Amino acid sequence: MDGLFTLIVSYLRQLARQSVHVYRKDMLVEWRSPSRFLGVLFFAFALIFMVAFASNTTDVMRRQAGGSIWIGLLLASTRSLDQSFAAEMEHGALEGQVLWPVAPPAIFFGKAFANASILFVVGLVLTPFALALFDVTPRGSLLELGAFLFFGSTALAAPGTLLTAITSQARGSSVLLPLLMFPLVVPILMAAAKGTSLVLLPDVMDQSTAWLVALIVFNVIHWPLSALLFGPVVEGGTH
Amino acid sequence: MKSFKWENAVGVFALLLFAVAQYMALFTAPAERHMSEVVRILFVHVPAAWIALVTFTLAFIGATGFLITGRRGLDWFVEASTEVGVVMTTLLITLGSLFAKPTWNVWWVWEPRLTSTATMLLSFVGILVLRSTVRDADRRAVFSAAATILSFVNVPIVYFSVRWWVTVHQIQSSPATVDPDMVFVLRANAFAFLFIAIWMIAKRWRIAKMRGLAETAPPLPPEVTA
Amino acid sequence: MADSPPGLVIDDLARRYGRRWAVARISFQVAPGVACQVTGPNGSGKSTLLRCIATALRPHHGAARLDGKDIWAWRRTMRRDIAFLSHDSRLYEDLSAKDNLQSWARLGGYSANVDALIERVGLDPKRDDPVRMFSAGMRRRLALSIALMKQPKLLLLDEPFAALDPQGRALVIDVIREICATNAVVLMATHHPEEAAAACDQHVRLESGRQVVA
């Protein structure tokens, strides 16, 4: 019993160490090619701009602000996920990591958290611009707004990373990723968008906390589940 | 294909049961007080909803089983039940929409039950598209199993959406809240749908199996001497 | 499997792609400290064979064993002892040579002297250049240095001479001799049997997925 415990602890420590190194490697790749991150950022920015053009009155725009930010982040996430796996697939580095060996859950945690970080930073930069464009002054606390951006980013990144691992190995990946990801993340997107809107607008019934809890629940479901499924997916051809 | 297939017996029984249940639904069941004859759509709408959720649950169980055991039969089962589930969900949404027009006066409302059902349908359609784009049988099986398990996360949301949010769509009825005659007709229809679904899944499984065997190499050739 | 001899044992290995058996009924042995070359025309199954041994693919029949242990069954631990230079370089385009090596060393927890490795493959003047600017031969050298980081018990090389200049090919021969000296097994697929013969004592020939007597 004691031996089993030590075994589990040493496995978890190994997993944590490898996850950190995968994360560092992913962030280093981002750091060395800033044009990738900037591309994603301006893509999200352009989307927000288009939404602002499409809505006719300031009143409608204000109520749409929260949703628009999340539509921008969702579409931006498909771009950044695609890029992050393109770098892995270009010279077979993903397979290389499996054979190295890096435990597949560690590859997942590292990459998913790297993607979440990028999304979170895009959200942090994007939100002030969006608030200015849509003429919104947040009524709720900025800390809560940050919490929605953070947990929303992580909730999108977990299933997104798993699905991109699948689509990047299939043909026509750029169409397939949105097709699989968008319906799947609708509940996450709804929680994030409604919650963000409630922070931005008067929250008379104090419902925003409930949406934050919902987002955290999605994180609790999707992170372990996607980490478990990642192994079979990256070893797909070998099953 | 001369041998007798068990699912054909299920199919014949299912169609007979369906005919009887539909006759009861259309002619013998009492009309509802407020909504009159329109309510009869519910005798097909509600069973379609139940069976859609059942088939997706079967797909989820098959996918989990496949990832654990790696048996190809389970992959064919995932393909079969996902496709039948998509058909059932399409039927469910179409019937629901037909029912919504006379009762809510709109074809579609953006509320949690309808939205979550529509997204559930889309995500399983996505899995069918995924299956059609991956050529390698091993990868296709693993990818669609993983995507099926992930998509199943949203299925309980569909079921519980009417309880978690206050919406237009009415909450699940229980035998206690429904006229006993209607309960019986509803159950008869539900079983008819269930057996039809089993029949379709079995048929579809056989097609998947034939395709699967057709794309696999024949057994390893014997030792050759150079 | 206690009677299985040390070194690499390929036992009736087969792998199919769709309707075709890419390799079938491959059986041979390589003793520790011996290098073996696998030759054959394009599409004869050399890469598939190597990928099966490297656990990038699961064998559909038979097994590969290293020191008596089934490689596929024990892949979680055996992968640490197997280095594989594949057609894919495993490199990240945007990282420098040094960053690439350092990332791989950290990922596996291998305590490697990154600078010495870069020098070994003759890339020290370019260590801080992004791989994007590297030629095919330089990428091959860098990929080789990543494989060497492991100090493997089994080194698999898939056409290591491809894109390399004469000095690079001499380096590969050198590396094979050095690895063999540590009592490890080397298995290489190549189209240059004469050149490989300088380091390889054993020869397996494949034709359309079948082993032919060399």
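All values below come from the heavy atoms of this structure, side chains included, with hydrogens, waters and symmetry mates left out. These numbers were taken from a predicted model, which means no experiment stands behind them. Order of the sequence lines sets the chain letters (A, B, ...), proteins ahead of strands, with each chain counted from 1.
There is no contact between R140(B) and chain A, counting heavy-atom distances below 4.5 Å. Heavy-atom distances place no part of S144(B) under 4.5 Å from chain A, backbone and side chain included. Heavy-atom distances place both the backbone and the side chain of P159(A) under 4.5 Å from chain B. L228(A) does not touch chain B: none of its heavy atoms, backbone or side chain, sits under 4.5 Å away. Of the atoms belonging to F230(A), not a single heavy atom falls under 4.5 Å from chain B. Using a 4.5 Å cut-off between heavy atoms, I166(A) contacts chain B through both its backbone and its side chain.
The minimum heavy-atom distance linking T133(B) with A170(A) is given by the pair OG1-CB, 4.2 Å.
Interface remark: of the candidates A147(B), A145(B), S123(B), S123(B) forms the most heavy-atom pairs closer than 4.5 Å to chain A.
Summarising the local packing, CZ of F191(B) is surrounded by 12 or fewer heavy atoms from other residues, nucleotides or ligands at distances under 6.0 Å. No more than 12 heavy atoms of other residues, nucleotides or ligands lie within 6.0 Å of NZ in K209(B), so this atom counts as exposed by the packing criterion. Counting heavy-atom neighbours within 6.0 Å of W223(A) CH2, excluding the residue itself, gives a total above 12.
To the nearest 0.5 Å, the span separating CG on L179(A) from CG on L130(B) amounts to 9.0 Å. Atom CG of residue L176(A) and atom CZ of residue F143(B) lie 10.5 Å apart, to the nearest 0.5 angstrom. Here the CG-CG distance, from L184(A) to L150(B), works out to 4.5 Å after rounding to the nearest 0.5 Å.
Tested against V186(A), the residues T119(B), N154(B), L122(B), I157(B) include a single side chain to side chain contact (heavy atoms under 4.5 Å, CB included) partner, T119(B).
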